[in-house]
Every structure is written in C-alpha cells, then in structure tokens.
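Please read all numbers here as calculations on a predicted model, not as lab measurements. Order of appearance sets the numbers: ligands from 1, and atoms from 1 within every ligand. In what follows, every heavy atom counts, from backbone to side chain, and hydrogens, waters and symmetry copies are set aside.
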Amino acid sequence: MELQLALDLVNIPEGKEIVGEVEEHIDIVEIGTPVVINEGLRAVKEMKEAFPDLKVLADLKIMDAGGYEVMKASEAGADIVTVLGATDDSTIKGAVEEAQKHGTKILVDMINVKDLEERAKQVDNLGVDYICVHTGYDLQAEGENPFAQLETIKGIVNNAKTAVAGGIKLATIPEVVASQPDLVIVGGGIAGQDDKKSAASQIREVINKA
Ligand SMILES: O=C(CO)[C@H](O)[C@H](O)COP(=O)(O)O
C-alpha cells in the first residue's frame with residue numbers, strides 16, 4: 001500500500017519544506033490542483049528535481065484534451081497525472097495513450113461520478129493505472145467521506161489499482177486500510193498538522209501494519 005502526500009494550500013518553497021520533513025514516510029508527492037493553478041507545471045518540475053526518488057503526481061483533474069495535457073505534465077516530470085472519471089472515454093483513452101509514450105501513469109479521479117459502479121467498470125477497461133474514489137473539500141464540509149465508495153470499487157475494479165482521497169487523517173486511517181486500497185492519499189491530515197513528520201510517520205506505521 002502506497003502513501004501519497006497531497007500539497008494543496010502551499011506555494012513551491014512551502015511544499016518543498018513539508019516534503020523535506022516527511023519524505024522518508026511517503027511514496028508519492030501530489031502537486032494539488034490549487035498549486036498547479038497558482039504556480040503552473042513549474043511546481044511539478046521543481047518538486048521532481050528536489051526529490052528525484054519520490055514519484056510526483058500532477059493533479060490536473062483533466063476533463064478534455066487528455067493527450068495534450070498529459071504530454072505537458074509528463075514533460076514537466078510528472079510520474080502520475082489525474083484525469084476525471086466524469087469525462088468521456090475518448091479523453092481518458094487519449095490520456096492513456098500519451099502516458100504510455102512517456103512511461104507516465106494515469107490516475108482516474110471518480111469525484112462526483114453519479115453511477116460509481118457502472119463508471120468504475122467502464123474506466124477499468126480503458127487501460128488506466130489507478131481508479132480513485134474522492135470526496136472533495138466541498139462535500140467534506142457537508143460531512144461526507146469516501147470510505148463506502150472505496151468498498152464499492154474494491155468489489156468491481158479488476159485491472160487498475162484502487163486509491164482513496166478526501167479528508168483522511170490519523171484517526172480514520174485504520175478504517176481506510178481495512179478496505180485494502182493500493183494507494184492512500186492524505187493532504188490536510190499531514191500537511192495541515194503542527195507536527196507533520198509525526199503525523200506522516202504514524203500514518204505510515206498504520207499502513208505498514210495493514
Ligand atoms: O484533490 C484534492 C482536493 O480536490 C485533495 O488533494 C485531496 O482531497 C486530498 O486532500 P485532503 O486529504 O486534505 O482531503
């Protein structure tokens with residue numbers, strides 16, 4: 001089981017400082033959508049240069065022009081790029097095709113997909129590397145979480161790896177790992193804590209025991 005740190009509410013120097021504190025406990029560092037909006041793909045490039053041993057995920061949440069956007073993120077050094085499950089199959093196929101040219105992986109984010117079972121089955125046949133259930137910030141604020149959705153895709157997805165994101169923290173990590181996802185994504189549960197190193201280390205420990 002891999003652990004991904006999501007960086008969303010930081011600039012590039014702040015992001016590097018956090019990763020420097022926790023790098024021994026994580027596998028993947030996510031350049032979150034707000035960071036890409038603020039800093040551009042330069043953030044991906046700089047993070048990869050600073051931490052070449054970590055995988056870097058560019059959270060572009062691609063909805064169109066899958067091939068072109070995956071190409072640009074791959075050129076910046078991204079190891080994994082996100083595409084939205086809510087988009088059309090042709091965008092996902094274009095993203096997968098381009099990713100294969102660069103050795104990049106595609107993570108499909110199922111945020112706000114209405115018929116999760118049906119769409120997860122379809123996406124699982126498109127050659128993507130990860131399928132991720134995700135409760136975004138706005139629905140987290142309404143008290144929702146992605147745990148039941150994780151159970152749903154665990155019973156359906158046969159080809160891709162499974163991933164989960166959305167408000168996961170130390171207190172909820174045991175419930176998450178009980179479903180055995182391949183990838184756990186934690187943002188505020190590490191980056192928003194006073195002692196980030198300790199949070200990352202404790203979360204890693206729970207994951208390692210699962
Ligand atoms: O993609 C995101 C928001 O759209 C976040 O990166 C993801 O939800 C993880 O962050 P957190 O653990 O703070 O919810």
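- For atom 8 (O) of ligand 1, the nearest protein heavy atom (residue, atom name, distance) is H134 NE2, 2.8 Å.
- By the salt bridge (Lys or Arg N to Asp or Glu O under 4.0 Å) test, K197 pairs with E24, sequence neighbours left out.
- Screening K105, K48, K55 against D79 for a salt bridge (charged side-chain N to carboxylate O under 4.0 Å, His left out) leaves a single residue, K48.
- Nearest protein heavy-atom contact of atom 5 (C) of ligand 1 is D8 OD2, 3.2 Å.
- K154 places a side-chain N or O within donor-acceptor distance of the main-chain N or O of Q180, the cut-off being under 3.5 Å.
- Looking at residues two or more places apart in sequence or on another chain, you find a side-chain hydrogen bond (donor to acceptor under 3.5 Å, both in side chains) between T91 and D88.
- Residues V35 and V22 are members of one and the same hydrophobic cluster, defined by side-chain heavy-atom contacts under 4.5 angstrom among Ile, Leu, Val, Met, Phe, Trp and Tyr.
- Note: no N/O pair closer than 3.5 Å links T135 and ligand 1 by distance alone.
- Checked against a 3.5 angstrom limit, the closest N/O atoms of I111 and ligand 1 fall outside it.
- Screening T162, L107, L3 for a side chain to side chain contact (heavy atoms under 4.5 Å, CB included) involving L183 leaves a single residue, L107.
- Below 4.0 Å from some heavy atom of D59 lie the following atoms of ligand 1, by number and element: 1 (O).
- Taking 4.0 Å as the cut-off, G166 counts as a neighbour of ligand 1 on heavy-atom distance.
- Those atoms of ligand 1 that come under 4.0 Å of a heavy atom in E30, given as number and element, are 1 (O), 6 (O).
- Taking a 4.0 Å cut-off on heavy atoms, K61 registers as neighbouring ligand 1.
- Inclusion of G188 in the set of residues having an N or O under 3.5 Å from an N or O of ligand 1 is warranted.
- Looking at D109 against ligand 1, nothing comes within 4.0 Å, counting heavy atoms.
- The protein atom (non-hydrogen) at minimum distance from atom 12 (O) of ligand 1 is G187 N, 2.8 Å.
- Residue contact check: G167 has heavy atoms under 4.0 Å from atoms 11 (P), 12 (O), 14 (O) of ligand 1.
- Panel note: side chain T87, backbone L84; no donor-acceptor pair is recorded below 3.5 Å.
- The CG atom of L126 sits 10.0 Å away from the CG atom of N159 when rounded to the nearest 0.5 Å.
- Salt-bridge annotation for K209 and E205: present, with a side-chain N of the basic residue lying under 4.0 Å from a carboxylate O of the acidic one.
- At least one donor-acceptor pair under 3.5 Å links the side chain of T33 to the backbone N or O of D59.
- For the pair I185 and ligand 1, the shortest N or O to N or O distance does not fall below 3.5 Å.
- Close N/O approach between T33 and ligand 1 is not found [any backbone or side-chain N/O within under 3.5 Å].
- Nearest to atom 9 (C) of ligand 1 among the protein's heavy atoms is A6 CB, 3.9 Å.
- Between G136 and ligand 1 there is no heavy-atom distance shorter than 4.0 Å.
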